[in-house]
Amino acid sequence: MIKTKSGKIILVLIFFLTLFLRTFKLNEFPTGLNADEAAIGYNAYSLIQTGKDEFGHAWPVNFQSFNDFKPGLYFYLVLPFVKALGLNEWAVRLPSALMGTLTVVVLYFLLKEFFSKEAALVSALLLSLSPWHLHFSRGGWETNAATFFIVLGIWLFVKAFKKPGFFVLSVLCFGLSMLAYHSARVVAPLLGLGLVFMNFSQVFAKKNFKWLLASFFVGIVFLILLASSFLGEAGASRFSGVGIFADQGPLWRVNELRGQHPDPFSTFSKLAHNKFVEYSFRFVDNWLRHFSGNFLFISGDEIQRNRVPEMGQFLLIELPFLVFGFYFLLRNKPKFWLFFLGWVAVAPIASALTFQSPHAIRALNMVIPLIVLAGYGITQSFLWLKSKTKLYGALSIMYLVFFVWNFSFYLHQYYVHYHKTYPAAWEDGFRELAGYVSGRKDDFERIYITNKYDQPYILMAFYLKYPPEKFQEQAVLTPRDQFGFSTVDRFDKFYFGPIDYESLSGQENIMIIGSSGEIPDSATIAKRIYFRDGKTEAFRIVEY
């Protein structure tokens, strides 16, 4: 049994370990800055300079950005950091790193309400070292902010049983999570309703009436804000771009299956094979994929930006304890055990409603209940071993050694091999490119930049610190592509698109910036910019 003073010391050590892991060389790893991070930073910069976003909208709830209408909370959290630190990687990523750190602390206090202090500390430590949570705490990810507010909202809800005023703060946190990221708009209400129904008599006790009324009005404010998102262009555009119905595969499957019937237009054929059935199967399949061993423990997300080579979302050493945690939770039934199992089921729902599954970003909140299961599994397993065998000490040391090795392997992959295995995943090279262009742009009438990499316009605007008041006048979004996204194909003297070197090389006073596949070796190359691996060319620059 850990004494109170020792528990506090351990928690403080976990806090500083968590903070270190999430801030160490934060501006360098991940290498480069992805387009979404650049959009967040530049829009915060634009608000500071002009009170409007990059397209001239004053203090929006959702930012139009690439016509994906990003929820705005994280933009506003980044704003004071941009003001204090300038427009750079630190300013965009530090708020996420801090919220990731605080999530670990809040999880400890939450679990201390239901489990032993040992289980709470072990779970907090596991979250601190979790590859899934650590990865998305080190980038400017809105989903990490949403996860923090969800965990904080749940803890405040539990605290409200003793101090009803916390109900208002709990609703506030759930509302903020929904203003931070799209997935939370599905997950947070489901978790909130689950908390209410599982604790109905405690919630609706007479003493809580005035606080519940205040919470209701706070909730109404958020509903009004969110309704404008769901009912307006923001909601429609986002779901049409990444929603499950954007995938035409189930429709083709319906036609294929009906065509195998003697009468494709019979009532039976239509009842057996229709959009509702096929999309339901697709949703269930997407949901189940989030629990696959390959995703959780072997290779992780398919998107290179969201994964570390040769790693799953969890450490492999945690696998048996997730199973043990599930078993002991069912056997011991500690307080709120059913809620945490329900959370495991609810967590991937929003992600399963999109056509890319499993998806580590959209399902990030899933890391919390799974870590709880693993933490509970470890503490209960070792308590059982302690009572059954004299080898308890040796087995504990053996497990600790394997855990340290597994986590060290993850850090090695992250800091040594990640940027070399996936050199283009984080659009590395734009900072160096902008530095070169900044000193040379006045010598050219036009500068052509490849669009091979995601949304190059915002990365150039970010690193050049291009005046937002000028950008707002010049930038025009292109029509949406097949995924519902748009881009800006020009501002000032910068033109973004595929590089047709043969046709461009006949012009004068131009700079051409393309990939190695777009600019031939025979060209007179003024500058080569490499990814962090030092071998792969990101850009070739030709000047006429």
Side-chain angles (χ1 to χ4, degrees), residues 34-47 52-55 57-82 92-93 95-96 98-100 103 136-137 139-153 171-192 218-243 306 347 349-351 353-354 356 359-365 455 458 477 480 483-486:
N34 72 56
D36 287 323
E37 290 181 298
I40 291 168
Y42 188 75
N43 275 277
Y45 179 67
S46 182
L47 287 172
K52 299 177 181 179
D53 72 358
E54 61 180 302
F55 298 113
H57 308 301
W59 305 102
V61 175
N62 299 286
F63 286 75
Q64 188 172 7
S65 192
F66 314 135
N67 254 341
D68 55 350
F69 288 91
K70 297 176 173 65
L73 180 63
Y74 192 71
F75 290 72
Y76 291 108
L77 293 173
V78 164
L79 191 150
F81 289 85
V82 173
V92 176
R93 292 173 174 172
S96 179
L98 294 176
M99 282 188 287
T103 303
F136 293 106
S137 293
W141 302 100
E142 306 106 300
T143 183
N144 193 46
T147 301
F148 165 72
F149 283 113
I150 286 173
V151 178
L152 183 58
V171 172
L172 177 65
C173 286
F174 279 120
L176 290 173
S177 75
M178 292 187 283
L179 293 180
Y181 193 61
H182 292 288
S183 294
R185 298 174 179 182
V186 175
V187 174
L190 291 174
L191 292 177
V218 171
I220 289 296
V221 171
F222 281 106
L223 284 176
I224 292 171
L225 290 172
L226 292 167
S228 65
S229 299
F230 282 119
L231 300 176
E233 187 180 4
S237 128
R238 182 65 179 178
F239 198 71
S240 65
V242 302
N306 302 342
I349 286 178
S351 180
L353 287 169
T354 68
Q356 292 174 305
H359 202 284
I361 300 176
R362 296 172 191 144
L364 176 63
N365 79 98
Q455 304 290 356
I458 196 66
L477 280 166
R480 287 190 175 91
F483 301 110
F485 297 105
S486 299

Applying salt bridge (charged side-chain N to carboxylate O under 4.0 Å, His left out) to Glu54 and not counting sequence neighbours gives none

Sorted by chain and residue number, the salt bridge (charged side-chain N to carboxylate O under 4.0 Å, His left out) partners of Asp36 (sequence neighbours excluded) come out as Lys70

Please give me the minimum heavy-atom distance between [X] and [Y], naming the atom from each residue.
| X | Y | value |
| --- | --- | --- |
| Pro60 | Asp53 | CG-OD2, 4.0 Å |
| Leu73 | Leu176 | CD2-O, 3.2 Å |
| Phe222 | Val171 | CE1-O, 4.4 Å |
| Val82 | Ala44 | CG2-CB, 4.1 Å |
| Phe485 | Asp68 | CE2-CB, 3.4 Å |
| Ala35 | Ile458 | O-CG2, 3.7 Å |

Do [X] and [Y] touch side chain to side chain, with heavy atoms closer than 4.5 Å?
| X | Y | result |
| --- | --- | --- |
| Arg185 | Pro71 | yes |
| Leu172 | Phe149 | no |
| Pro189 | Met178 | yes |
| Trp141 | Thr147 | no |
| Ile349 | Val187 | no |

One should read off an interatomic distance between Ser65 OG and Gln455 CD, to the nearest 0.5 angstrom, of 7.0 Å

The reported gap from OG1 in Thr103 to CD1 in Ile150 (rounded to nearest 0.5 angstrom) is 10.0 Å

Can you tell me if [X] uses its side chain to pair, donor with acceptor, with the backbone of [Y] under 3.5 Å?
| X | Y | result |
| --- | --- | --- |
| Gln356 | Ser351 | no |
| Ser96 | Arg93 | no |
| Tyr74 | Val92 | yes |
| Glu37 | Gly140 | yes |
| Ser177 | Ala184 | no |
| Thr143 | Arg362 | no |

Could you walk me through whether Asn67 and Phe69 pass side chain to side chain contact (heavy atoms under 4.5 Å, CB included), step by step?
CA-CA 5 Å; Asn67 254 341; Phe69 288 91; 3.7 Å; yes

ring-ring contact (aromatic ring centres under 6.0 Å, His included) filter on Tyr76, not counting sequence neighbours, yields Phe63

Walk me through whether Asn43 and Leu79 qualify under side chain to side chain contact (heavy atoms under 4.5 Å, CB included). CA-CA 9 Å; Asn43 275 277; Leu79 191 150; over 6 Å; no

key: Worked check of side chain to side chain contact (heavy atoms under 4.5 Å, CB included) between Tyr181 and Ile361   = CA-CA 10 Å; Tyr181 193 61; Ile361 300 176; 3.3 Å; yes

